[in-house]
There are 2 protein chains.
Amino acid sequence: MLNIYENQAKVFKAFCDENRLKILEMLRGGEKCACVLLEQLELGQSGLSYHMKILVDSGIVQSRQDGKWTHYKINTEGSLYAEGLLKKLTTPNFENIYSNDNDNICSD
Amino acid sequence: MLNIYENQAKVFKAFCDENRLKILEMLRGGEKCACVLLEQLELGQSGLSYHMKILVDSGIVQSRQDGKWTHYKINTEGSLYAEGLLKKLTTPNFENIYSNDNDNICSD
DNA sequence: GTGTCAAATCAAAATTTGTCAATATGTTTT
DNA sequence: AAAACATATTGACAAATTTTGATTTGACAC
């Protein structure tokens with residue numbers, strides 16, 4: 001069980017690694033099977049599997065099993081969630097406990 | 001000089017660490033000086049400085065020097081840029097070189 | 001069943017990131 | 001100029017992440 005900050009961080013981990021950004025770029029062109037991703041990246045099979053797990057766990061990517069192949073695509077729902085979360089995390093909230101409207105102004 | 005993927009990753013690093021998420025949460029309540037952030041976090045002075053540098057470099061936070069104090073606040077422009085970038089990175093683009101409309105379908 | 005192939009898991013090594021203590025820099029005060 | 005204070009930088013270490021190779025699991029074909 002992860003705390004709230006760890007759960008939020010997990011979403012953005014998808015975008016914090018060069019290989020994962022390359023994978024997302026490829027998936028923007030449509031669903032791809034692991035074999036196709038593998039041949040475009042300078043990564044071994046287990047390395048790709050490692051990154052795909054992080055992408056799926058972040059909610060940004062969705063996987064579909066088809067016999068012995070796994071196909072991946074961008075998860076629209078998860079992406080919208082990430083977008084909303086990013087907006088929330090950067091939007092002023094003068095109701096929160098750290099609001100300057102309460103009494104947290106640096107006294108100097 | 002960073003490549004395009006490293007530059008994109010840099011933006012989202014702001015959201016990938018528990019302490020940085022806590023700092024952003026505090027800054028949502030308005031501009032804070034480092035001394036105020038420091039007393040709320042379980043971090044030493046140099047640790048806070050380390051994270052503030054990452055936040056500023058990501059474009060999500062803006063700093064303002066006032067004598068010997070440094071004040072930090074959320075950078076609206078940088079936040080909107082991050083939001084747009086996230087949207088771009090997760091939006092289908094059938095014009096790109098990996099588009100299935102060209103010829104990258106897994107042949108199996 | 002056995003053999004083959006795709007992908008996941010595991011364990012070890014390599015790399016990166018985060019923390020801490022000490023020191024340096026820059027500003028204000030005296 | 002010297003002292004005091006806030007923050008930045010540095011280097012050493014610890015912890016987390018990423019890479020790699022070997023092994024395992026699961027699906028299909030024979």
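Every chain is numbered from 1, with letters handed out A, B, ... down the list of sequences.
The separation between B/R20 atom CZ and D/dA16 atom P is 15 Å, rounded to whole Å. Regarding A/L43, its CG atom lies at a distance of 15 Å from the C1' atom of C/dA8, rounded to whole Å. Residue B/K13 contributes atom NZ, which lies 9 Å from atom C1' of C/dT17 at whole-angstrom precision. In this structure, B/L37 atom CG and D/dA6 atom P are separated by 14 Å, rounded to whole Å. Atoms CZ (B/R64) and C1' (D/dT7) sit 15 Å apart, rounded to a whole Å. Per the geometry, CH2 belonging to B/W69 stands 9 Å off C1' belonging to C/dT27, to the nearest Å. Across the protein-nucleic acid pair, A/K22 atom NZ and D/dT19 atom P stand 10 Å apart, rounded to whole Å. Rounded to whole Å, atom C1' of C/dT19 lies 13 Å from atom CD1 of B/I23.
Counting only N and O atoms by type, the side chains of B/N93 and B/K88 include no donor and acceptor under 3.5 Å apart. Counting only N and O atoms by type, the side chains of A/Y98 and B/Q40 include no donor and acceptor under 3.5 Å apart.
The phosphate of C/dT4 (OP1 or OP2) has no side-chain N or O of A/K68 nearer than 4.0 angstrom.
Annotation: A/K22, atom NZ; neighbour count of heavy atoms from other residues, nucleotides and ligands within 6.0 Å is above 12. Open room surrounds CD on B/E42; 12 or fewer heavy atoms of other groups in view lie less than 6.0 Å from it. Other residues, nucleotides and ligands contribute at most 12 non-hydrogen atoms within 6.0 Å of the CD atom of B/E77.
Sorted by residue number, the members of residues 45-62 of chain B with any non-hydrogen atom under 4.0 Å from DNA chain C read B/S46, B/Y50, B/H51, B/I54.
Relative to the side chain of B/D17, the nucleotides C/dA7, D/dT7, C/dG18 differ in distance, and C/dG18 lies closest.
Annotation for B/H51 and B/D17: closest pair CE1-OD2, 3.4 Å, computed over non-hydrogen atoms.
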